[in-house]
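This report refers to the structure that appears directly beneath it.
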There are 2 protein chains.
Amino acid sequence: MPQRGRPRGFDREEALRRAMEVFWTRGYDNASLADLTRAMGINAPSLYATFGSKEALFHEAVALYVQTEGSGIWEQVETAPTAHAAIAHVLHATAEAFTRGDTPRGCMIVLAAPQMQGANAQVCDALKAHRKENGCLLERRLRRAVEEGELPASTDCRALASYFVTVQHGMSIQARDGASRETLLRIADCAMASWEALTS
Amino acid sequence: MPQRGRPRGFDREEALRRAMEVFWTRGYDNASLADLTRAMGINAPSLYATFGSKEALFHEAVALYVQTEGSGIWEQVETAPTAHAAIAHVLHATAEAFTRGDTPRGCMIVLAAPQMQGANAQVCDALKAHRKENGCLLERRLRRAVEEGELPASTDCRALASYFVTVQHGMSIQARDGASRETLLRIADCAMASWEALTS
DNA sequence: TTGTTTGTGTATCGATCACTACATAAATTG
DNA sequence: CAATTTATGTAGTGATCGATACACAAACAA
């Protein structure tokens, strides 16, 4: 039995994409329902009937962000031939993604709710979990590089992973403050310059 | 002529300090007047009579933050014997300041209004200006190090400054996410590990 | 056609937002 | 003692917050 009642008058995915951009630009709390419905081209009852609540919409927007925007940054970590290439790609792809021009600057996961004490703890926790996952991803890749002989057994994989995600997070602030793609790429290169010293 | 009418019933500096902690923890927009007046132990009319507005109170809180909390991080940049020592101290002092225990984690300047599209543009711009000033401070110190012969003339002082402030900003996110002092110190050491490669 | 189901638009809801009018309290000045 | 000045507490202001009640529109099933 396909759809029963009146069909939806708008594209759910397109509306979600618009909502993602609003959350990305303004953050969770500062994105009002008026902002969201205006950007999505629908009225509040349609939003609630389709997505449930502002928070549920946000979680869907985060999932879409991770799937579309985040993938270009993180997807090659596992498949890159070396840990060095994997992390260099993460930082360079970050510089590119944060200055694309047609999307908000910086990372939604980092910038959308950094306060942790806002009205909605679940929103903060979800973003925090995503940030942590990125660090774990890098740490796993570094551990694999140790197993495969790319890096010495003495490598402090956790410290390196923390360091590189810290740079990646800091690049969000720089991007929001207007840093150019060239500046972000130079920051990435500076960060990678510690590779030799940290893996020997 | 010392004070004329009824004397103020609370300590202005103490109240400002309390307000600073609220803004530091919750950010500008998420800090409601109810939060502020509760923490400050006063009613709204006293707040407005003394500080003018929420925004004016915030600007005073930022100034107090820079003066008290930020000084321990940035004050030795000019006086440190070398640029290397100056920046190493910035990062180590950052790790210490962000995990003090009796103050909120991370930097108020970075975390209090990262969205730039919130209701109040002047608040965002003021914080952005403070962030930029930190980068310029580092860049000036690096240029001086080139003049004094500590660093070669080929050093890209602007790139290095951008890189180290990026790490310093990223540490705010890590601190908010619960990173320990040891973790932040290790991140600082990783960041400094690129010094040799970047200055030769 | 009639009944059922689902989506949409209008017009709100109570709660909270930053902010303030107003009367009173507490000090100095004459 | 007034008279003046400043601060405080109560009780609100209009605006906006996230979220909905409700009537109607548009599809299908019978």
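Chain identifiers are assigned alphabetically (A, B, ...) following the order of the sequence lines, protein sequences preceding nucleic acid strands; residue numbering begins at 1 within each chain.
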Side chain of B:N43: nearest nucleotide among C:dT20, D:dG9, D:dT6?
D:dG9
Classify the angle between the aromatic ring planes of B:H84 and B:W195 as parallel (below 30°), tilted (30 to 60°) or perpendicular (above 60°).
perpendicular
Without decimals, in angstroms, what is the distance between A:F10 CZ and D:dA26 P?
16 Å
To the nearest Å, how far apart are A:D29 CG and D:dT16 C1'?
14 Å
Could you tell me whether B:R17 and B:E21 have a side-chain N and a carboxylate O separated by less than 4.0 Å?
yes
Inspect the contact between A:K132 and B:D177 and indicate whether a charged nitrogen and a carboxylate oxygen are less than 4.0 angstrom apart.
no
Rounded to whole angstrom units, what separation is found between the OH atom of B:Y48 and the P atom of C:dA21?
12 Å
Which of these nucleotides, C:dG9, C:dA21, C:dA18, is closest to any side-chain atom of A:P45?
C:dG9
Nearest-nucleotide check on DNA chain C, B:P7 vs B:D35; residue mapping nearer the 5' end is B:D35
D:dA21, C:dT6, C:dC17: which one has an atom nearest the side-chain heavy atoms of A:R4?
C:dT6
OP1 or OP2 of C:dT8 less than 4.0 angstrom from a side-chain nitrogen or oxygen of A:S46, does that happen here?
yes
Rounded to the nearest angstrom, tell me the gap between atom NZ in B:K54 and atom P in C:dT16.
16 Å
Interatomic distance, B:F58 CZ vs C:dC19 P [rounded to whole Å]
14 Å
Should the pair B:R144-B:E147 be classified as a salt bridge under the 4.0 Å nitrogen-to-oxygen rule?
no
Which part of the nucleic acid, if any, lies within reach of A:A44 when heavy atoms closer than 4.0 Å are counted: base, sugar-phosphate only, or nothing?
base
How many whole angstroms separate atom CG of B:L47 from atom C1' of D:dT10?
17 Å
Round to the nearest Å and state the distance from B:R6 atom CZ to D:dT5 atom P.
17 Å
First encountered from the 5' end of DNA chain D, between B:I42 and B:G5:
B:G5
Report the distance from atom CZ of A:R8 to atom C1' of D:dA25, rounded to the nearest whole Å.
16 Å
Report the residue (A:A31 or B:G41) whose heavy-atom-nearest nucleotide on DNA chain D is the more 5′ of the two.
B:G41
Carefully, step by step, assess B:E69 and B:R100 under the rule salt bridge (charged side-chain N to carboxylate O under 4.0 Å, His left out).
CA-CA 11 Å; B:E69 312 296 330; B:R100 193 167 289 140; 3.0 Å; yes
